[in-house]
Amino acid sequence: MFKHAIIKRGLASAVVNPLIIKNNRIQASVILSRAPQITRDATPFEKAYFDYREKLERQEAMTTPTDFYFKKGSVAERRWKHEEQARQQAMKDPSISLSDAVQASQATWEQENEGLIAATKVEKLDRTTEADKKNDSKSLDRALKQTLYLVVKQSGEGTWQFPQGPIDSTEYLHEAAERTLKEQCGVDMDTWFVGRQPIAFYKETSSKEQSGLKVFFMKARVYAGQVKPSKSVSDFAWLTKDELANYLSPEYYSAIKDSLGDI
């Protein structure tokens with residue numbers, strides 16, 4: 001009970017007794033990620049494969065009973081026939097995919113019948129956001145097809161890293177990581193720590209000027225909210241895996257790259 005009380009008090013206060021083992025400072029870090037928000041674009045091979053499967057299924061399928069699905073002479077029937085004509089042309093030409101043919105048919109139909117569909121037209125949102133166009137690395141509304149990771153720059157230092165800090169001798173590793181994230185990035189984020197075991201490890205050897213460093217990385221997800229950096233953090237950014245390579249030092253990035261998702 002006494003140990004539990006010390007731990008809970010340590011979550012809300014600064015580190016009193018930083019943990020040092022064999023002349024190595026032990027620190028906890030958080031790899032906080034935002035999962036992809038939309039599906040990624042298909043590769044050329046995937047597009048060709050899906051189109052092949054779709055054409056194969058269409059060849060073996062029965063003819064659609066239009067009288068059952070559409071009222072004769074209705075706008076829906078005319079639109080379907082317009083798309084069906086495009087599909088039939090695509091079936092005769094292997095170089096044209098069914099998806100591209102239908103999209104082109106829909107665009108032509110909307111131009112020719114703008115007055116009929118004005119009230120029911122569905123607007124598709126752009127897969128590129130304003131944050132993407134402005135290259136706003138502080139926004140979570142960017143790179144929606146990829147995973148974003150939070151990195152910070154400590155005040156007075158020129159290097160980027162994941163939120164990390166010393167472990168108090170009375171804390172467990174996952175508690176130190178959670179406390180560090182709140183101290184450096186605020187309490188306004190809804191986060192979930194995936195587990196209590198580190199997923200990566202980084203080490204710096206000791207020198208005459210400073211003792212060594214061992215950093216254990218914990219995995220976490222953010223679901224809502226945004227970073228509100230403390231005075232100890234001068235800057236922050238949400239970056240993709242490829243972008244991290246340009247911000248982190250080569251040694252630091254090499255230690256954690258295998259723990260990051262490519263998507």
Side-chain angles (χ1 to χ4, degrees), residues 28-47 50 99-100 103 106-107 110 121-165 177-194 199-200 202 215 217-250 252-263:
S29 182
V30 183
I31 299 180
L32 182 65
S33 64
R34 185 225 65 190
Q37 304 299 294
I38 58 177
T39 55
R40 65 173 176 82
D41 295 330
T43 63
F45 173 80
E46 290 171 336
K47 290 180 179 179
F50 292 139
S99 299
D100 292 341
Q103 289 180 0
Q106 290 174 346
E110 290 175 359
K121 185 177 180 180
V122 177
E123 293 289 343
K124 295 182 180 179
L125 296 178
D126 193 351
R127 293 169 67 87
T128 302
T129 65
E130 288 297 322
D132 286 318
K133 297 174 182 177
K134 296 178 181 178
N135 196 25
D136 183 6
S137 61
K138 289 182 171 57
S139 174
L140 280 166
D141 296 326
R142 63 182 293 267
L144 299 182
K145 294 177 288 186
Q146 297 174 274
T147 300
L148 291 181
Y149 299 93
L150 174 64
V151 291
V152 299
K153 182 187 289 186
Q154 300 293 336
S155 299
E157 298 182 11
T159 58
W160 288 87
Q161 61 186 18
F162 294 108
Q164 73 180 51
E178 184 176 355
R179 172 185 53 77
T180 297
L181 181 63
K182 290 180 179 179
E183 288 179 351
Q184 295 184 2
C185 302
V187 297
D188 293 337
M189 287 190 294
D190 181 10
T191 60
W192 172 63
F193 278 73
V194 177
I199 62 171
Y202 172 69
V215 182
F217 297 90
M218 307 297 293
K219 184 178 181 180
R221 295 284 181 87
V222 60
Y223 294 110
Q226 181 55 289
V227 176
K228 288 190 176 180
S230 65
K231 294 181 180 179
S232 63
V233 174
S234 62
D235 201 1
F236 73 92
W238 292 97
L239 307 173
T240 64
K241 181 179 179 180
D242 292 337
E243 292 170 337
L244 285 174
N246 300 323
Y247 279 70
L248 306 177
S249 66
Y252 192 91
Y253 179 73
S254 178
I256 54 87
K257 66 178 182 178
D258 293 336
S259 301
L260 309 179
D262 292 323
I263 298 176

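Residue numbers count from 1 along this sequence.
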Taking atom NZ of Lys138 as the centre, report whether more than 12 heavy atoms of other residues, nucleotides or ligands fall under 6.0 Å from it.
yes
Sequence neighbours excluded, which residues qualify as side-chain contact (heavy atoms from CB on, under 4.5 Å) partners of Ala42?
Glu46, Lys47
Ile31 vs Phe217 side-chain heavy atoms within contact, under 4.5 Å:
yes
Applying side chain to side chain donor-acceptor pair (under 3.5 Å), name anything that partners Lys241, two or more places apart in sequence or on another chain.
Asp262
Supply the atom-to-atom distance Gln154 CD to Ser234 OG, rounded to the nearest 0.5 angstrom.
7.5 Å
Would you check if Tyr253 and Leu244 make a side-chain contact, meaning some heavy-atom pair closer than 4.5 Å?
yes
Ignoring hydrogens and angles, state whether a donor on the side chain of Gln184 or Gln164 is under 3.5 Å from an acceptor on the partner side chain.
no
Mind checking whether Leu150 and Cys185 have side chains closer than 4.5 Å, heavy atoms only?
yes
Is there a side chain to side chain donor-acceptor pair (under 3.5 Å) between Glu243 and Trp238? Walk through the geometry before answering.
CA-CA 9 Å; Glu243 292 170 337; Trp238 292 97; over 6 Å; no
Hey, are the side chains of Leu148 and Ser33 touching, using non-hydrogen atoms and a 4.5 Å cut-off?
no
Any side-chain heavy atom of Leu181 sitting closer than 4.5 Å to one from Met189?
yes
Charged N to carboxylate O under 4.0 angstrom, Asp41 versus Lys145?
yes
Check whether any side-chain heavy atom of Asn135 lies under 4.5 Å from a side-chain heavy atom of Arg142, and answer yes or no.
yes
Roughly how far apart are Ser249 OG and Trp160 CH2, rounded to 0.5 Å?
13.5 Å
Hey, what do you get for CG (Leu248) to CG (Asn246), rounding to the nearest 0.5 Å?
9.5 Å
Partner set under side chain to side chain donor-acceptor pair (under 3.5 Å) for Tyr247, not counting sequence neighbours:
none
Atom pair CD (Glu178) and OG1 (Thr191), whose distance is rounded to the nearest 0.5 Å:
6.5 Å
If we only count heavy atoms from C-beta on, is the Gln226 to Phe236 side-chain gap below 4.5 Å?
yes
Side-chain heavy atoms of Tyr149 within contact of Leu260, under 4.5 Å
yes
